[in-house]
Amino acid sequence: MRRGLSAALAVVAASCLLVACGEKPQTLNTASKKPDAAPWAPGGAASNPFFASGWKGGDQAAWEAQIKTRNQGQNDYAR
């Protein structure tokens, strides 16, 4: 009985060690990295449906005003 239990524990321990050895490295692919750019930088603002109408790319003050307006619209205390 005792020999069977210790053998079963040895098999479980060995299988846990083997599973840990088979893990693949989790590194980020260099092809998927994008360089950072300013959020107000021009990038096809006319053709992008997610940009606010009338906003021109490269205008930092207008971008900050639009973000401020959008955040106020989501503020429950200001409603």
Side-chain angles (χ1 to χ4, degrees):
M1 174 86 175
R2 202 172 253 278
R3 182 180 269 174
L5 182 62
S6 62
L9 285 176
V11 168
V12 168
S15 65
C16 288
L17 287 174
L18 288 175
V19 167
C21 291
E23 186 175 347
K24 297 178 182 174
Q26 299 176 2
T27 56
L28 189 59
N29 206 356
T30 57
S32 65
K33 292 182 184 178
K34 290 174 42 178
D36 288 337
W40 56 83
S47 63
N48 194 334
F50 298 108
F51 286 137
S53 61
W55 182 77
K56 294 181 179 41
D59 188 3
Q60 180 180 359
W63 182 83
E64 288 175 351
Q66 176 64 30
I67 292 296
K68 192 174 195 177
T69 303
R70 185 187 308 173
N71 288 343
Q72 265 321 99
Q74 295 176 355
N75 187 357
D76 288 335
Y77 294 111
R79 291 183 186 181

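For reference, positions follow the sequence shown, starting with 1.
- Considering CD1 of Ile67 and CZ of Arg70, their distance stands at 4.5 Å, rounded to 0.5 Å.
- Interatomic distance, CG of Asp59 versus CD of Glu64, reported as 9.5 Å (0.5 Å rounding).
- In this structure, Asn71 CG and Gln66 CD are separated by 10.0 Å, a value rounded to the nearest 0.5 Å.
- Evaluation of the side chain to side chain contact (heavy atoms under 4.5 Å, CB included) rule for Ala65 yields no partner, not counting sequence neighbours.
- Rounding to the nearest 0.5 Å gives a distance of 5.0 Å between CG of Leu5 and CG of Leu9.
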